[in-house]
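Each remark here refers to the structure printed beneath this line.
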Amino acid sequence: MEQKTPHIVYTERISPKRRLIRSDGALYVVLLLGAFLAIFLSRVLAQRFGVLQIFVQIGLYAVLLGTGYWIYRTRLVDYLYELYDAELRVLQVVGAKQKTLLSIPLRAVEEVAPYRKTDARKAVRTFHGARESTVAVWYTEDGERYVACLNASDTMKEKLSEAAHAAK
């Protein structure tokens with residue numbers, strides 16, 4: 001039996017907008033300065049309030065770790081939307097590492113439209129910014145209705161709509 005090789009129709013990579021700190025080098029310097037500031041603040045606060053320095057350090061490092069995770073989620077994670085002739089794949093890209101988040105067969109797609117609140121279950125996060133400014137893809141999987149939100153361009157939205165209608 002011959003397997004059909006999937007044919008890629010359209011692909012799009014979405015990166016977060018760099019607002020405050022525009023270069024990766026500057027981001028690294030700011031995080032490094034934040035670590036030094038946490039060390040300095042732990043000494044000052046421990047002396048001022050008479051607490052053991054280790055407790056203050058744990059709190060400040062927890063804040064620094066939370067900030068690092070927030071920066072990772074809002075700045076370093078890109079999404080790659082790949083439209084094939086039979087499915088839509090959404091990949092999370094961090095540096096050279098790619099991880100498939102969603103794989104939606106086009107025959108399961110019910111609607112492609114701007115996001116609106118519905119009773120459909122939300123799929124994993126596959127977009128940056130506010131959910132209300134995304135393109136939503138409603139699809140059915142195992143009898144349940146899901147919605148996946150994308151930061152897709154108008155071109156991707158049109159091609160996805162056309163492919164979903166052609167697959168039915």
Side-chain angles (χ1 to χ4, degrees), residues 1-24 26-28 30-31 34 59-168:
M1 192 184 247
E2 193 176 312
Q3 286 187 342
K4 185 179 177 186
T5 306
H7 176 264
I8 193 157
V9 176
Y10 189 74
T11 184
E12 196 170 84
R13 185 172 178 156
I14 304 299
S15 299
K17 292 180 181 157
R18 297 181 177 210
R19 295 184 182 109
L20 207 53
I21 302 171
R22 296 185 190 266
S23 76
D24 291 337
L27 177 64
Y28 176 75
V30 167
L31 287 176
L60 289 175
Y61 282 125
V63 169
L64 192 62
L65 188 64
T67 303
Y69 181 74
W70 176 77
I71 289 171
Y72 167 79
R73 293 295 301 164
T74 59
R75 171 142 179 165
L76 301 176
V77 174
D78 294 350
Y79 295 105
L80 182 63
Y81 307 136
E82 295 178 335
L83 179 61
Y84 290 88
D85 49 4
E87 70 179 336
L88 169 69
R89 286 187 195 157
V90 180
L91 295 100
Q92 181 183 43
V93 181
V94 180
K97 182 181 173 192
Q98 293 185 355
K99 174 183 166 187
T100 302
L101 297 177
L102 282 175
S103 182
I104 306 169
L106 292 178
R107 65 182 180 284
V109 174
E110 297 173 2
E111 182 182 2
V112 178
Y115 176 77
R116 65 181 184 282
K117 290 188 178 190
T118 62
D119 60 344
R121 293 182 60 190
K122 292 173 181 64
V124 296
R125 188 172 181 92
T126 56
F127 62 95
H128 294 291
R131 189 178 302 272
E132 289 72 25
S133 64
T134 61
V135 173
V137 178
W138 283 272
Y139 64 98
T140 305
E141 184 177 285
D142 298 329
E144 285 194 61
R145 192 165 187 234
Y146 290 89
V147 61
C149 298
L150 312 174
N151 290 116
S153 66
D154 291 337
T155 307
M156 178 67 147
K157 182 180 172 183
E158 289 172 19
K159 290 186 182 286
L160 181 58
S161 295
E162 290 170 6
H165 287 299
K168 292 193 180 209

[Y] and [X], any side-chain heavy atoms less than 4.5 Å apart:
X	Y	answer
D78	P16	yes
L80	T11	yes
T134	N151	yes
V9	L160	no
Y81	L83	no
R13	V93	yes
L102	V137	no
K99	L101	yes

- Task: Could you tell me how the ring of Y79 sits relative to the ring of H128: parallel (under 30°), tilted (30 to 60°) or perpendicular (over 60°)?
- Result: tilted

Determine the minimum heavy-atom distance between [X] and [Y], stating which atoms define it.
X	Y	value
V109	Y139	CA-CB, 4.0 Å
P114	W138	O-CH2, 3.6 Å
A152	V135	O-CG2, 3.9 Å

- Message: Could you check whether R125 makes a cation-pi contact with F127, meaning its NZ or CZ is under 6.0 Å from the centre of the six-membered ring and within 45° of the ring axis?
- Response: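 Yes, a cation-pi geometry holds between R125 and F127.
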
- Task: Report yes or no: do E82 and Y84 form a side-chain donor-acceptor pair below 3.5 Å?
- Result: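 Present: a donor and an acceptor within the cut-off.
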
- Query: Taking everything shown except Y28 itself, do over 12 heavy atoms lie less than 6.0 Å from its OH?
  - Reply: no

To the closest 0.5 Å, what do you measure between [atom1] ([X]) and [atom2] ([Y])?
X	Y	atom1	atom2	result
R107	E87	CZ	CD	9.5 Å
H165	E111	NE2	CD	9.0 Å
T67	Y61	OG1	OH	13.5 Å
L150	M156	CG	CE	7.0 Å
I71	L31	CD1	CG	4.5 Å
K122	Y115	NZ	OH	4.0 Å

- Residues in side-chain hydrogen bond (donor to acceptor under 3.5 Å, both in side chains) with R145, at least two apart?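 With sequence neighbours excluded, R145 shows a side-chain hydrogen bond (donor to acceptor under 3.5 Å, both in side chains) to E110, given in chain and number order.
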
- Message: Does this structure show an ion pair linking K159 with E12, if we count only N-O contacts that are shorter than 4.0 Å?
- Response: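 Salt bridge: no.
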
- Query: Backbone N or O of R89 within a donor-acceptor pair of the S103 side chain at under 3.5 Å?
  - Reply: no

